[in-house]
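These figures come from a predicted structure and were not determined experimentally. In what follows, chains carry the letters A, B, and so on, assigned in the order in which the sequence lines appear, proteins first and then strands, with residues in each chain numbered from 1.
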Protein chains: 2
Amino acid sequence: MVRMTDVADAAGVSAMTVSNVINGRPGVGAETRLRVLRTISRLGYQVNHAARHLRAGRTGAVGLIVPDIDRPYYAQLASRLAKGVEKSGLHLVVERTGGDAERELEAISFGRLRMYDGVVISPLRVAAADLDQLRFETPVVFIGERPVPATFDHVMMDNVGGARQATEHLLRTGSRRVAIIGGRHDDHVDDMPSLRTRGYRQAHAELGVDVDEQLVVEVESFDPGSAFQVVKQLHETGVGFDGVFALTDAAAMGVLRALADLGVAVPRDVQVIGFDNGNETEFLVPRLSSVEPGNDTMADRVLELLQRRVGASGDENETPDALTTVVTARLELRETTR
Amino acid sequence: MVRMTDVADAAGVSAMTVSNVINGRPGVGAETRLRVLRTISRLGYQVNHAARHLRAGRTGAVGLIVPDIDRPYYAQLASRLAKGVEKSGLHLVVERTGGDAERELEAISFGRLRMYDGVVISPLRVAAADLDQLRFETPVVFIGERPVPATFDHVMMDNVGGARQATEHLLRTGSRRVAIIGGRHDDHVDDMPSLRTRGYRQAHAELGVDVDEQLVVEVESFDPGSAFQVVKQLHETGVGFDGVFALTDAAAMGVLRALADLGVAVPRDVQVIGFDNGNETEFLVPRLSSVEPGNDTMADRVLELLQRRVGASGDENETPDALTTVVTARLELRETTR
DNA sequence: GTGAAAGCGCTAACAG
DNA sequence: CTGTTAGCGCTTTCAC
């Protein structure tokens, strides 16, 4: 373990000068700088981030905390954000909570935040009330649909509007019995499934079509497997449907697979729309129509909000007001709709 | 900012006692412990990880460094590893390099390693020679096909064997002209495309079938889009083929999409096999046959190797020898093969 | 242009 | 069972 003082001794300068060289601060003579740099590489010195962090406060990292890394939506979000923060010379590190309320809260509250100069968190379960207690100096941007105290920056997608557009399209193009995979029967909380179901119901109300609660199908998880099973069951039960709104593209993938097994022609007999407009949609057979929630815009907005606070010390009116942004959704029609 | 000493003062104990309570160390009276805990929650105290890290050396985190987060293979690997390390009370953080040799080296060498108690790295580009220079106290496990100095733990998949099995199956079930999407014409380096191409050639040699170099199709990237384009071009060029070995499942997805557009029946006219056996394979239409590289076994092995070193201080014969494990691959046949 | 002193918040080691 | 001392490796401040 070679420390900064070792470099300083070997180069015949003080630790401070080494520090100045490393951090590119002005006020070091060209000759001294060169000597220090050579000594650094000769000794193989590497800065100790923990010490720097302890003393200077910054870590050079932005955290992204998501329920699950291997869901395409989060993976693609991570990728977008990573490219963005890297432009600022920071790097993104991703952590997963497993979608567990307790672990989400732990990830946010219990000091792990301090590992980062800024944090983006996409909570699934955690309640606004719990969040309200928290006070931290690390800039935090929330992303997603869960309600969040107004003291935090928040970037939301238009879940209700997106779902309404999708359902409207299905109804206007001739589907009368639209199943919603992952929908909710009740509407107590503002989580993703409830909000998207709300949009589904709004579309029905606007167009004067009754919702058959048998078509509102709850699933435990939004992976293809769960959706696949549920569609098969729906079919076996004899509940007819001629359109499907799947709450995520991943679920829609399972839907398409089930319909293919059942010998149902898409979109002729049943139309399908997903949500998220992930990279995979264009390569499914048939290509999946999907709600584009404004993924790029959301990522850009998150980065802006982060930049506004990272670097700005917690002084005076330096701290800007919290902002909530809602990004508008639009339909991306492909081959699973008419 | 409330520090440990603030808690200690408020509870009328010393900082050491607070530290003992927080870390669940024995030797604190029940009453004192309760008083400390109450004070902690009253003041909203949170441990400062940077300070703990600086002093105690451990960070509580394991790093996973991959080329890209949004490739399903890495996302699924991350998920598997995350669940594993969480069992040991650690948590996984994922960083991406973008598949850039320089950034890979930087991620490994430049002190960022110290952020973690252990690191798993899946390099794409970085050369063994560069790695050889490095000496670190953080336990590192390499994963993937790139050659790595023997001083490091390394878990490899059997790229050559898996590719050979896939190609053999295609040839034995009647395909005579098997295209390899993402293959290499030369065989200078031991990277993933070259190794899998080697297996492809071995299978041909064994079964006495000549390789038509026109069927060895290079791609810039292993995403569905690139594979899609390349297959369309292959078809337009009039180069006939009745089998496809795609170097990754993601590429295979693009292949299937292209074949569907071209009106080619799978597997009747063209058989297809992918590689990685990702979660998505079962939900494609038709279901994708794929090489299962032993994903679970690899993750388990990585975790074992990590555990062997994390916690073991760098003393004497405490440090175990480096181990290289090769996990065997097998075929998972589904609907894209006969 | 360079250096000395002090301390960030925590914990290992030992004393009581 | 609890407290004291010392110091992890860096950077901020101010003096030279």
* **Side chain of B:S14 (C-beta onward), nearest among D:dG3, C:dC10, D:dG9** => D:dG3

* Side chains of B:E86 and B:H91, donor plus acceptor under 3.5 Å -> no

* Is any side-chain N or O of B:R35 closer than 4.0 Å to OP1 or OP2 of D:dT2? -> no

* **Distance (rounded to the nearest 0.5 Å) between A:I143 CD1 and A:L81 CG** => 6.0 Å

* Asked: From the list D:dG7, D:dT11, C:dG3, which nucleotide is the closest neighbour of the side chain of B:R55?
  -> D:dG7

* Pick base, sugar-phosphate or nothing for A:N23, based on heavy-atom distances below 4.0 Å to the nucleic acid. => sugar-phosphate

* Asked: Which listed nucleotide (C:dT11, C:dT2, D:dC10) is nearest to the side chain of A:T17?
  -> C:dT2

* To do: Evaluate the side-chain proximity of A:P67 to A:R96: yes if any heavy-atom separation is below 4.5 Å, no if none is.
  => no

* Structure fact -> To the nearest angstrom, the NE2-C1' distance between A:H53 and D:dC10 comes to 13 Å

* Asked: Hey, is the main chain of B:R71 close enough, under 3.5 Å, to the side chain of B:D68 for a donor-acceptor pair?
  -> no

* Asked: Between A:R80 and A:D300, is there a salt bridge with N-O shorter than 4.0 Å?
  -> no

* Axis-to-axis angle between the two ends of the helix from C:dG1-D:dC16 to C:dG16-D:dC1 (five base pairs per end, rounded to 10 degrees) -> 30°

* Structure fact -> To the nearest angstrom, the CE-P distance between B:M4 and C:dG9 comes to 12 Å

* Closest listed nucleotide, where the reference is the side chain of B:M16 and the choices are C:dC10, D:dG9, D:dG3 -> D:dG3

* Check: A:S19/A:R25 side-chain N/O donor and acceptor closer than 3.5 Å -> yes

* Sugar-phosphate, base or nothing in reach of A:R33, heavy atoms under 4.0 Å -> nothing

* B:R3 CZ to C:dT11 P, straight-line distance once rounded to whole Å -> 15 Å

* Would you classify B:G27 as touching base, sugar-phosphate or nothing, given that sugar-phosphate means primed atoms plus P, OP1 and OP2, and contacts are heavy atoms under 4.0 Å? => base

* Nearest whole angstrom, please: distance from the P of D:dT2 to the CD1 of B:I22. => 15 Å

* Which nucleotide in the list D:dT11, D:dG9, D:dT2 gets nearest to the side chain of B:T32? -> D:dT2

* Rounded to the Å, how far apart are B:R25 CZ and C:dA13 P? -> 11 Å

* To do: Measure the distance from CG on B:N20 to P on C:dG9 and round it to the nearest whole Å.
  => 20 Å

* Measure from the side chain of B:L54, starting at C-beta and using heavy atoms only, and say which of D:dT11, D:dG9, D:dG3 lies closest. => D:dG9

* Asked: Does B:R55 have any salt bridge (charged side-chain N to carboxylate O under 4.0 Å, His left out) partners at least two apart in sequence or in another chain, and if so, which?
  -> none

* Which nucleotide sits closest to the side chain of B:V28: D:dT2, C:dA12, D:dT12? -> D:dT2

* Phosphate OP1/OP2 of C:dT11 contacted by B:S19 side-chain N/O (<4.0 Å) -> yes

* Asked: Salt-bridged, A:R308 to A:D153, with N to O below 4.0 Å?
  -> yes

* Whole angstrom is fine here: how far is it from CZ in B:R52 over to C1' in D:dC10? => 20 Å

